[in-house]
Structure formats: structure tokens, C-alpha cells
Amino acid sequence: MEISIDIDDPVPLFTQLVTQVKQAVNQEKLAPGDALPSIRQLANDLTMNSKTVAKAYRILERDGVIQTRGYRGTFIHPEAKTNSTVDLNEWLHTTLNETVSKLKASGITDSEIRIAFSQVMNNNHN
Amino acid sequence: MLDNLLFFLVFISQILLISYYFPQKVKRRTRFVFDNYPPKSYPKLYPKPLAAYEKGLRNFMAINHLILVLGFVLLAFYAMLSAEHPANKKVAEGLPIFFGLCQFIPFFLMEISGFKQVKLMRAANVSSTRKAELSPRHLFDFVSPALVIATAVIYLAFILVELLLKEFSSGDALVRISATILCNLLLGGILYWNLYGKKLDPYQSYQDRNRQIGFTIRSMFYISIALSLYLMVLKTIAVFHLEYLEVILNSLYFQLIGAFSIFTTLRILDVRDINFDVYKKQDNAN
């Protein structure tokens, strides 16, 4: 299965990778258990930075589309097709939009939301 | 006398094989590409004007012709030198190696110009699209486990021969073992770079690239086996005091390496099997 990346596309490269892998899973071009190339191999083949491919793989693993089995490599997750339909990024935006709208409706200002958001993020980080 | 005659035959074969036969094959292959895939229809294949490639081919052939003449001059010198030496003694045993290295110079230059060529192709590639196959490449996709095991066993046999047949001091054996370890590490590095390294030709099809990787990897294993066997035979003839055969063995070894690296490239990577459509003009949009 061939993957194609457009470096001039405004969509980030790692997002293009994630989207195409999910599309391939949905279209059954990639089946559960299929092996994926290593990060280094794919980065070299696409003449991309390996950190970009690693980021895409991390997102795909988080979304349950791929799984890493140690030294044996990376494979398509058994539940990949079901998990590919759930777009966590889209869900994040929807949830944030709903929360921000609710906060604004309560009369909280944009700057208060930003400050509070930063504080919550920092507290969670520490 | 017989061993001298045998050496003449083997050395003439080395001269003609590496400096005449292989260059002629390369010339025919290059001409075939020029004639069947011209710059007008396949512009991506020619980042430089065709005249530059014609000149490169002429230079390649001229250097080979010079080396061919040098080979026969050296053979004449060897004939004079060996006549002055008693029979069954080694004479100028390094000649085939020294001359063999000279013979490989034009092929080495050709490799360098090949690297420059793909670098220019990458620079000229204006397409913003990058493509890759979403399948992993593993060593055993290209070579059989039997070949890998055979290479390791033959190398271990070489180490055993070196350590058990103590014709020379153990220091010599250690130097040879260390040198072969370095050589095998270098071959391993080339293998790894081919398997996982960057794609050099930006237009090359997936199938062609896989064929090239497979060929290069198998060559690395064959070269390692040839090196171990060569050094084992060299050691054996030293133990049995047959050093006068060393000069013949050296020449045969170079011909074998030439056959592995040049002839098999030309035969296995047949130019008619390469997908040249990727270099066509209409692919510019991709």
C-alpha cells in the first residue's frame, strides 16, 4: 500500500500520515496484524524528519490504530477499523468549543479563560 | 614453468575480463539507455545535457583502454622478472592485486558519477509529493537465512584456520582477523544503509528499488564469503609451501570480485526490466 505526502500542503505532515493510515484501515487496504515500516525507514523513504513520523506513530498508537510490539516492530491494531472511525482530535475540538461556549455564556472573559486554561495545563504538567 | 604459463593465462583473463569485456558491457548498456530512453521523452533521467554523459562514457572507455595496455606492459615485465627467478618461488605476488585495484578505478569513478547523477536528479525534482510503500523491509525479505548462516559459518571457519594453522606468528593472524572484522563491518554498514537508508533516486519505482536493494545485499554476503575463502586458501598454500601459486590465486580472486560486483549488476539488474516510465515528461505533475 502506497502512502503519499504533499510537503506544500498546509495540513501538517504528521496529520497527513495519520489520516492516510486511518483511511487505509477503513478501506481495508491495511488489515489487523499487518506490519508497518519502522520510523526510520518511512522517514527516509518520504525524505521527512524521523521526529515527524514518530509523532504520527504516537498519535496512531494513542488512537488504537497501531500497536508497537517491542523489537518485532509496529503492526495494525486488531481493533484498528473501529478505532479509526473515532477522531480524538475532532472530539477534542468539539469538547473545547462546548466548554468555552458554556464559560462565555456565564460571563467569563476570553483572557480569564486563557489564564485559567494555562494554569490548569501547567498544574497537570507538574 | 607450468605455473608461470598458468599465471599468464589467468592474468590475461584478468586484463581482458575487467578492462575490456566489462567496460564493453557497460558501454552497450549505456548506449541502449541513450538510444531507447532519449532526453526528449525522459527528461528526468538527464539532469545534465546528453553531451556530458557521452563525454563521461568516452572518458570511461579511454581509461579502461589505458589500463588494458598497462596490463600487457606489466605482464611483459613479469615475464622478464620470473625468468630470472628459480622455479617454485613466489615472484611479484602482489601484481594482480595492484593491477586489479587500478582496473577498478574507472568503475569506482563511474559509481561516484552515479551518486552525483542522483544528487542532481534530487535537486531537479520540483514535485512536492513524496511517496513510500507502507510495508517494512527486513533482511530476510532479500536473502535466505541459509546464505546468512553460510556466511557466518565460513567466516568462523576462516578464524579457526587462522588460529589453528600457526604458520606465521599469532600477531599476523590477529591482524588478519581484525582486518576482516573491519571489512565485514563495512559490508554490514553498506547493507544497513541500503536497507533503511535514504532513497537516492527520487523517481525510482518501489519494485526497482527493492530489486536493487536485494541485489546489493546478496552481493555483500557473496563478497564476505569470497574474502573468507580467499584468505583461507591463502593460508593453506602458505602452510603447504605452495607460495608460487599465490599470484594465480590473487588474480582469480580479483576476477571473482569483478564478476560479483560488475557482471552480476549488468546481468541481474537488466536494463530492460527497469521501469523508465517514472522518468517521463508527463510525470512532472506528480
Side-chain angles (χ1 to χ4, degrees), chain A residues 1-14 16-50 52-54 56-57 60 65-77 80 84, chain B residues 44 47 115 117-143 145 148 188-214 216-217 275 277-279 282-286:
Chain A
M1 191 250 149
E2 197 178 63
I3 198 159
S4 174
I5 298 295
D6 188 350
I7 52 169
D8 287 342
D9 197 312
V11 177
L13 298 179
F14 73 90
Q16 290 185 47
L17 262 176
V18 169
T19 311
Q20 287 195 46
V21 171
K22 284 184 176 178
Q23 276 172 356
V25 168
N26 277 325
Q27 291 163 7
E28 295 181 355
K29 286 179 184 169
L30 287 173
D34 278 359
L36 290 179
S38 67
I39 291 170
R40 186 184 293 269
Q41 182 194 316
L42 191 58
N44 279 334
D45 286 359
L46 291 168
T47 42
M48 277 166 72
N49 192 320
S50 55
T52 310
V53 179
Y57 271 33
L60 287 166
V65 178
I66 63 171
Q67 59 180 176
T68 306
R69 294 185 204 155
Y71 67 90
R72 278 177 293 177
T74 310
F75 299 85
I76 297 294
H77 195 279
S84 289
Chain B
K44 292 178 182 178
F115 276 108
Q117 159 82 357
V118 285
K119 196 177 171 185
L120 286 172
M121 283 162 87
R122 283 200 301 273
N125 181 19
V126 289
S127 168
S128 62
T129 312
R130 305 278 183 265
K131 287 177 181 170
E133 268 309 304
L134 215 52
S135 51
R137 281 193 294 271
H138 297 300
L139 178 66
F140 293 124
D141 296 339
F142 300 98
V143 286
V148 179
I190 298 171
L191 186 151
Y192 183 85
W193 181 68
N194 267 277
L195 207 52
Y196 302 113
K198 281 205 166 94
K199 188 179 174 183
L200 294 176
D201 179 347
Y203 312 111
Q204 192 177 38
S205 71
Y206 177 71
Q207 288 76 12
D208 283 345
R209 191 178 179 208
N210 267 2
R211 236 154 32 93
Q212 193 181 341
I213 291 172
T216 310
I217 289 177
N275 177 14
D277 289 348
V278 294
Y279 305 111
Q282 57 263 38
D283 284 343
N284 271 340
N286 294 333

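We name chains A, B, ... by the order of the sequence lines, and we start the count at 1 in each one.
Taking non-hydrogen atoms and a 4.5 Å limit, the residue list of residues 42-50 of chain A in contact with chain B, ordered by number, reads L42(A), N44(A), D45(A), L46(A), T47(A).
The minimum heavy-atom distance between P37(A) and S135(B), with the atom names listed, is CD-N, 3.7 Å.
In this structure, the salt bridge (charged side-chain N to carboxylate O under 4.0 Å, His left out) partners of D208(B), at least two apart in sequence or on a different chain, are R211(B). Under the side chain to side chain contact (heavy atoms under 4.5 Å, CB included) criterion, Q117(B) pairs with P47(B), Y53(B), M121(B), not counting sequence neighbours. Qualifying side chain to side chain contact (heavy atoms under 4.5 Å, CB included) partners for D9(A), counting only residues two or more places apart in sequence or in other chains: D6(A), V11(A), Q16(A).
Remark: side-chain polar atoms of E2(A) are not paired, donor with acceptor, to backbone N or O of E133(B) under 3.5 angstrom.
When the candidates Q20(A), K29(A), Q41(A) are compared by the number of heavy-atom contacts under 4.5 Å with chain B, Q41(A) comes out ahead. Residue with the most contacts toward chain A among R137(B), R209(B), K198(B): R137(B) (heavy-atom pairs, distance under 4.5 Å).
Neither the backbone nor the side chain of R122(B) has a heavy atom closer than 4.5 Å to any heavy atom of chain A.
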